[in-house]
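Letters A, B, ... mirror the listed sequences (proteins, then strands); counts begin at 1. Remember, it's a predicted structure, so these values are computed and weren't measured experimentally.
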Number of protein chains: 2
Amino acid sequence: MSSSKLLKGSLATIILKLLKENEKMYGYEITQRVKEITAGEFKITEGALYPTLHKLEAEGMLSTETQKVDNRIRKYYSLTKEGNAEAQTKVAELEEFLLNLQKLLNPKLGMG
Amino acid sequence: MSSSKLLKGSLATIILKLLKENEKMYGYEITQRVKEITAGEFKITEGALYPTLHKLEAEGMLSTETQKVDNRIRKYYSLTKEGNAEAQTKVAELEEFLLNLQKLLNPKLGMG
DNA sequence: TCTTATGCATAAGAAAATTATGTATACTTG
DNA sequence: CAAGTATACATAATTTTCTTATGCATAAGA
């Protein structure tokens, strides 16, 4: 992300969430999907994306499968069973985090 | 924050926002206020809080004033004029960020 | 031909937390 | 009255997670 500076620790969660909806995606596709959904406001850099994908794979959350399309290699990632559970947990945590942040930003909500 | 691990780069914004509402606050008070608003879910650590306050002060966003209460020192922080503008900007940025994050977490919102 | 797009990857550095300390006073509880 | 908890500040070492820079490679468009 260059426009708003930081993904603030939510990149792994975003990836897991996208994979939960899409069965399988490759790295470049993820960057484009995020850009599309956020109307160009989130730009995931490769330097952040690939290390995160590799880490999630090393932790057993993702499995990979390589395909050659148009003479270019695509590395597809999918959620493992463990990754599916982790996605659920992480998304719930992030939603909880966002709610609390909103309470701080909009004091009225804190008194509901 | 120990419960949800990371403040994810939003600590400075939270501080600025609280000071925008409260005129002046001291460090410990900020930690307690955040804990209170988030029902104990955000726990700001001193290791994160104090360096952030010092940085904001060094940048000219905050001014300080020390008071002795009950034989204990309190260092009160207030927004400078520049800090007030910065608070506005940062809060707007964070809100924008949250909206985009919600689009990613709730795909239906992306198609509004 | 040169730039942009597609596609992966890693390394160096910076930013922003956590964890662990350290100092000091006040209150509570067994 | 001793020990733990709360109040109040501060810094250092470490870790996590980004950005920026670089590298390789193919394809499409100007």
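For B/Lys24 and B/Tyr76, the positive end sits near the middle of the six-membered ring, less than 6.0 Å away and at most 45° from its axis. Both tests pass for A/Lys8 against the ring of B/Phe97: distance under 6.0 Å to the centre and angle within 45° of the axis.
A/Thr80 places a side-chain N or O within 3.5 Å of a backbone atom of A/Met61 that can act as its donor or acceptor partner. One N or O on the side chain of B/Glu29 and one on the backbone of B/Tyr26 form a donor-acceptor pair closer than 3.5 Å. A/Lys35 places no side-chain N or O within donor-acceptor distance of the main-chain N or O of A/Lys43, the cut-off being under 3.5 Å. A donor-acceptor pair under 3.5 Å is formed between the side chain of A/Asn22 and the backbone N or O of A/Leu18.
In this structure, the nucleotide among D/dC18, C/dT10, C/dG7 sitting nearest to the side chain of A/Tyr26 is C/dG7. Taking the side chain of A/Tyr50 as heavy atoms from C-beta on, and the options C/dC8, D/dC9, C/dT18, the nearest nucleotide is C/dC8. The side chain of A/Tyr77 lies closest to C/dA9, out of C/dA9, D/dA10, C/dA17. Of all nucleotides listed (C/dT18, C/dA9, D/dC9), D/dC9 comes nearest to the side chain of B/Lys75. Of the candidate nucleotides D/dT11, C/dT19, D/dT19, D/dT19 has the atom lying nearest to any side-chain atom of A/Ala48.
Applying a 4.0 Å cut-off to non-hydrogen atoms, the residues of residues 54-74 of chain A that approach DNA chain D are A/Lys55, A/Asp70, A/Asn71, A/Arg72, listed by residue number.
No side-chain donor-acceptor contact under 3.5 Å links B/Gln67 and B/Lys75. Side chains of A/Glu65 and A/Ser78: a donor-acceptor N/O pair is absent below 3.5 angstrom, by distance only.
Straight-line distance from the CZ atom of A/Phe97 to the C1' atom of C/dA17: 12 Å, rounded to whole Å. Per the geometry, CG belonging to B/Leu49 stands 12 Å off P belonging to D/dT11, to the nearest Å. Rounding to whole angstrom units, CD of residue A/Gln32 and P of C/dT4 are separated by 16 Å. B/Ile30 places its CD1 atom 13 Å from the P atom of D/dA8, with the value rounded to the nearest Å. Here D/dT19 presents its C1' atom at 16 Å from CZ of A/Phe42, a figure rounded to the nearest Å. With rounding to whole Å, B/Lys24 atom NZ is found 14 Å from D/dA8 atom P. Rounded to an integer number of Å, the gap from CD of B/Glu46 to P of C/dT18 is 11 Å. For the pair B/Met25 CE and D/dC9 P, the computed distance is 11 Å after rounding to whole Å.
Annotation: of the two residues near DNA chain C, A/Tyr76 and B/Thr52, the 5′-most nearest-nucleotide partner is A/Tyr76. In terms of position on DNA chain D, the residue among A/Leu11 and B/Gly27 whose nearest nucleotide sits closer to the 5' end is B/Gly27.
Using a 4.0 Å heavy-atom cutoff across all strands shown, B/Gly47 reaches at least one base atom of the nucleic acid. Among the atoms of the strands shown, only primed sugar atoms or phosphate atoms (P, OP1, OP2) are found under 4.0 Å from some heavy atom of B/Ser10.
Judged by Watson-Crick or G-U wobble contacts below 3.5 Å, the nucleotide D/dA30 has C/dT1 as its partner.
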